[in-house]
A.B. asks: 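Mind having a look at this structure? Questions to follow.
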2 protein chains.
Amino acid sequence: MHPVSPEREAREVPLFLQIREILAQRIGSGTIGIGGRLPSERELAAELGTARMTVREALRMLEGEGLIYRAERRGYFVSPARLRYDPTRHVNVMRLIPSQGHVAEGIYLGRQLTRATGSLALMFGCQEGAPLILERSVAVMNGRRIEYGEHFLLEEAIPGYLDFPYESPLTQTLERRHGIRTKMIGFRTRPTNLFGIPTEALEVRAGSPGLYITRIKQHGGRVIEVDREYWLSDALEIVVGQFPNPHEA
Amino acid sequence: MHPVSPEREAREVPLFLQIREILAQRIGSGTIGIGGRLPSERELAAELGTARMTVREALRMLEGEGLIYRAERRGYFVSPARLRYDPTRHVNVMRLIPSQGHVAEGIYLGRQLTRATGSLALMFGCQEGAPLILERSVAVMNGRRIEYGEHFLLEEAIPGYLDFPYESPLTQTLERRHGIRTKMIGFRTRPTNLFGIPTEALEVRAGSPGLYITRIKQHGGRVIEVDREYWLSDALEIVVGQFPNPHEA
DNA sequence: GAGTGGTCTAGACCACCAA
DNA sequence: TGGTGGTCTAGACCACTCC
């Protein structure tokens, strides 16, 4: 190990960070409450005597921190407390949201037939090209779309699945209808910027900060379901194991 | 559940996304290899016949996806494969890096005495104001600073700790020197934009995308260590449980 | 139709890095 | 010392939302 590294010179704080600070304080102090709308970019620029792009940089900062979110072309709003989400547990998103005091709504985007390729085949541990069923959906919390999900099912492992329409939640449906009780065996997650299909489904700007989660579910010794979830970054935090909840204390 | 939502109109793809695509292809095809440097913002702008800010937007996109990273005022570089990190296991970062074929280096930033307040007191389950020891460090992978860590220790639970200098790795030191074998009981993580102390320690621009991780460690039925880690977003992915490794397949 | 964010331009000056 | 990214300005036009 090295000894202490040299301290950096103190520099003047950039303007956009000063603006970030001003806005963060207005939010923290409750001047703008949860769900409240911030002034428009142009209003803030005029008020603070700066250019619009500088204000945007500050807003982008707060968005990346999860303090605020954008509603496309409608404005910036203060984010509610993050959903606490444990991907190792088998809780359905549509049940998680109301369990933490929010209003949940689901949007079903339809079913597709596809085939296992690349990393999907690897995760299923099946042949390349094996038939898969894909169910797509969006989770809505308090009227805001926060998660786009793709659920891949190994067709040959769930005979008769295609004879029925989609029913939420998927896990319960598999158990009740097909006698299959899946078990979560692992997940993987990384931050990313969203674009393409997820941003279209979530109705947000391409480039919005997000969290990508992959989950693997097993039954009878083999993988029968792989989920890919794209969350808006400010909407959740991942909590695994024993962790005190600051909102209960 | 709602029926299928109406498809959005196809829109013209914004210029910065087209540029993102061009650069992503150059990276994916190996035209610019791992660790390779991208042309400068001005060069790209000239080559593509656009303004510098538009190029920056594309580069910011790729940075948020983790495909590239910035070295402050030195340029943009192609990111290596993400470190696979399981926070539920008790692997020290300085051992994790070499175990995945990279060169690790540690920078020790020193020790401070502090007190448990707010969420720290909550996580320790101790009185507000209880004395804590704070050890600060930075992890370097292949010459790049990728993680800034704060390790809080409950002073009264580790008698004599202050009589010795810091020794890495902390977990092994606690066991060998004090007979304390800690146990990871939970972690929490969320994406965020870094600024302040973490960005200074990591020598990156304020606003760089990052991942914040808190870990709690127990011994003898009580929490004795809380870690706060700030990772550069592109440097890792979190993998918990059984998950096939695409690099081994 | 007024207002919003989304995109884009064409500059500027600065601090910092490498040579 | 020349080139880099970091910051900032002052506009522009557009698609879209809400009224």
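Naming convention: chains lettered A, B, ... in sequence-line order (proteins, then strands); numbering from 1 in each chain.
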A.B. asks: Nearest to the side chain of B:T54, heavy atoms from C-beta on, is which of D:dT9, C:dC8, D:dG5?
C.D. replies: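 Output: C:dC8.
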A.B. asks: I want to verify a distance call: between D:dC8, D:dG6, D:dA15, whose nearest atom is closest to the A:R73 side chain?
C.D. replies: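 Closest nucleotide among those given: D:dA15.
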A.B. asks: Can you measure from CG (A:D86) to CZ (B:R188) and round to the nearest 0.5 angstrom?
C.D. replies: 13.0 Å
A.B. asks: Closest approach to the side chain of A:S40, judged atom by atom: which nucleotide of D:dT7, C:dG5, D:dG6 is it?
C.D. replies: C:dG5
A.B. asks: Rounded to the nearest Å, what distance is computed from the CZ atom of residue B:R205 to the P atom of nucleotide C:dC16?
C.D. replies: 15 Å
A.B. asks: Pick the nucleotide of DNA chain C nearest each of A:A71 and A:M53; which residue has the one closer to the 5' end?
C.D. replies: A:A71
A.B. asks: Any chance you could lay out the side chain to side chain contact (heavy atoms under 4.5 Å, CB included) test for A:L202 and A:I146, step after step, and finish with the verdict?
C.D. replies: CA-CA 7 Å; A:L202 295 174; A:I146 60 166; 5.9 Å; no
A.B. asks: State which of C:dT9, C:dA12, C:dG6 makes the closest approach to the side chain of B:R52.
C.D. replies: C:dA12
A.B. asks: If you check every side-chain atom of A:T50, which of C:dT7, D:dG6, D:dC8 has the closest atom?
C.D. replies: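 Side chain of A:T50 sits closest to D:dC8.
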A.B. asks: Give B:R70 one of three labels, base, sugar-phosphate or nothing, depending on what nucleic acid heavy atoms sit under 4.0 Å from its own.
C.D. replies: sugar-phosphate
A.B. asks: At less than 3.5 Å, do the side-chain atoms of B:R42 and the base atoms of D:dG5 form a donor-acceptor pair?
C.D. replies: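 Side chain to base: pair found, below 3.5 Å.
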A.B. asks: Give me the one residue out of B:I213, B:L134, B:L120 that meets side chain to side chain contact (heavy atoms under 4.5 Å, CB included) with B:R228.
C.D. replies: B:L120
A.B. asks: Of the options C:dT7, D:dG6, D:dC18, whose atoms approach the side-chain atoms of A:R74 most closely?
C.D. replies: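 Nucleotide nearest to A:R74's side chain: D:dC18.
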A.B. asks: For the rings on A:Y85 and A:W231, is their centre-to-centre separation under 6.0 Å?
C.D. replies: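 Judged by ring-centre distance (under 6.0 Å), A:Y85 and A:W231 do meet the cut-off.
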A.B. asks: Find which nucleotide of DNA chain D each of B:R37 and A:F16 is nearest to by heavy atoms, and output the residue with the more 5' nucleotide.
C.D. replies: B:R37
A.B. asks: Output yes when at least one side-chain N/O atom of A:R56 is less than 4.0 Å from OP1 or OP2 of D:dC8, else no.
C.D. replies: no
